[in-house]
Amino acid sequence: MSLYQRQAKDAARRLIGAIIVRKFGTRILRGRIVETEAYLGPIDLASHASKGRTKRTEVMFASPGHAYVYLIYGMYDMFNIVVGAVGDAHAVLIRAAEPLDGWTENLSGPGKLARAFRVTRADNATNLCTSDSLYLVKGPRKRPRVLTTPRIGIDYALHWKDELLRFVDADSKAVSKIR
DNA sequence: ATGTCGATTTAC
DNA sequence: TAAATCGACATC
């Protein structure tokens with residue numbers, strides 16, 4: 001079973017430790033994921049999918065393994081991965097990573113991470129299972145110790161703001177700071 | 001056609 | 001504490 005064919009909660013937890021691979025031109029960028037958030041589809045008031053099926057959310061209702069990239073605050077792209085079964089509209093936001101291969105870059109925060117990996121709306125709907133320039137690979141066998149917390153920046157989502165749907169690598173210093 | 005507001009970051 | 005900056009969505 002693919003990492004992407006799981007409910008967002010499960011996928012988000014398992015994505016901690018996975019490695020993002022990004023290629024453009026002759027460069028290869030890699031980073032180890034240390035922070036994610038799960039968005040549970042139409043019922044989740046913090047998810048864009050709760051607005052229903054629109055032009056923007058269309059890709060979330062499609063098959064898992066695709067990238068959902070959107071613009072926030074007029075200036076930052078957010079990199080998400082569609083997970084679950086077709087129609088679930090579950091997604092996982094990639095919030096922070098540790099740069100690998102001697103790459104020195106601050107990847108702590110979803111806006112900074114997407115910018116550093118050059119992930120933009122042009123990458124929306126990219127199939128991460130078939131793309132050769134943006135995809136994930138398994139991390140080290142040793143699975144990280146994962147902690148859960150409420151999600152960041154969704155105070156408008158009523159009781160959903162308290163759900164423990166943010167996952168962080170307990171032993172990483174690259175986890176984003178809250179506010 | 002227009003107003004509100006955001007899954008953030010950075011500067012003051 | 002607040003500005004930057006713009007598109008999605010709701011409403012008129």
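Only heavy atoms go into these numbers, but all of them, side chains included; no hydrogens, no water, no symmetry mates. Labels below follow one simple rule: chain letters A, B, ... track the order of the sequence lines, proteins then strands, and each chain is numbered from 1.
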*Please name all residues satisfying side chain to side chain contact (heavy atoms under 4.5 Å, CB included) with A:Ala38, sequence neighbours left out, ordered by chain then number.*
A:Ala8, A:Ala12, A:Leu40, A:Leu165, A:Phe167
*Are A:Leu93 and A:Ile33 connected, step by step, through hydrophobic side chains (Ile, Leu, Val, Met, Phe, Trp, Tyr) whose heavy atoms are closer than 4.5 Å?*
no
*Could you pull out all residues at least two apart from A:Arg145 that satisfy side-chain hydrogen bond (donor to acceptor under 3.5 Å, both in side chains)?*
A:Asp171
_Using a 5.5 Å cut-off between ring centres and planes within 30 degrees, is A:Tyr39 stacked on the base of B:dA7?_
yes
*What residues form a side-chain hydrogen bond (donor to acceptor under 3.5 Å, both in side chains) with A:Arg143, not counting sequence neighbours?*
none
*Across the strands shown, which category fits A:Ile154 at heavy-atom distances under 4.0 angstrom: base, sugar-phosphate, nothing?*
sugar-phosphate
*Take the protein atom CZ of A:Arg115 and the nucleotide atom C1' of B:dT8, then report the distance between them rounded to whole Å.*
10 Å
*Interatomic distance at P, C:dT5 relative to B:dT2, whole Å*: 23 Å
*In dot-bracket notation, what is the pairing pattern of DNA chain B, taking Watson-Crick (N1-N3 plus N6-O4 or O6-N4) and G-U wobble (N1-O2 and O6-N3) contacts under 3.5 Å, with [ ] crossing and | for other strands?*
||||||.||||.
*Non-neighbouring partners of A:Asn124 that pass side-chain hydrogen bond (donor to acceptor under 3.5 Å, both in side chains), sequence neighbours left out*: none
*After noting the C-alpha distance and the side-chain angles of A:Leu134 and A:Lys23, does the key distance pass the side-chain contact (heavy atoms from CB on, under 4.5 Å) rule?*
CA-CA 7 Å; A:Leu134 180 62; A:Lys23 301 180 184 176; over 6 Å; no
Please produce a list of atom pairs where a protein N or O lies less than 3.5 Å from an N or O of nucleotides 6-12 of chain C.
unit_1, atom_1, unit_2, atom_2, d
C:dA8, O3', A:Arg56, NE, 3.4
C:dC9, OP1, A:Thr54, OG1, 2.8
C:dC9, OP2, A:Thr54, OG1, 3.3

*Go through the steps to decide whether A:Ile28 and A:Val21 satisfy the test side-chain contact (heavy atoms from CB on, under 4.5 Å), and finish with yes or no.*
CA-CA 7 Å; A:Ile28 300 179; A:Val21 181; 4.3 Å; yes
*In residues 76-85 of chain A, which residues come under 4.0 Å of DNA chain C by heavy atom?*
none
*Whole-Å distance between B:dA7 C1' and A:Leu40 CG?*
13 Å
*Mind checking ring-ring contact (aromatic ring centres under 6.0 Å, His included) for A:Tyr135 and listing every partner two or more places apart, or none if nothing turns up?*
none
*Quick one: list whatever passes ring-ring contact (aromatic ring centres under 6.0 Å, His included) with A:Phe117, sequence neighbours left out.*
A:Trp103
Taking only distance into account, with no hydrogens and no angle test, what donor-acceptor pairs under 3.5 Å do side-chain atoms of residues 60-71 of chain A form with protein atoms, sequence neighbours excluded?
unit_1, atom_1, unit_2, atom_2, d
A:His66, ND1, A:Ser63, O, 2.9
A:Tyr68, OH, A:His48, ND1, 2.6

*Do A:Val92 and A:Ile20 belong together in a cluster built from hydrophobic side chains that touch within less than 4.5 Å?*
yes
*Does anything in residues 159-172 of chain A reach DNA chain B, meaning a heavy atom under 4.0 Å, and if so which residues?*
none
*Are any of the side-chain nitrogens in A:Arg151 or A:Glu163 under 4.0 Å away from the carboxylate oxygens of its partner?*
no
*Using the test side-chain hydrogen bond (donor to acceptor under 3.5 Å, both in side chains), find all partners of A:Asp88 that sit at least two apart in sequence or belong to another chain.*
none
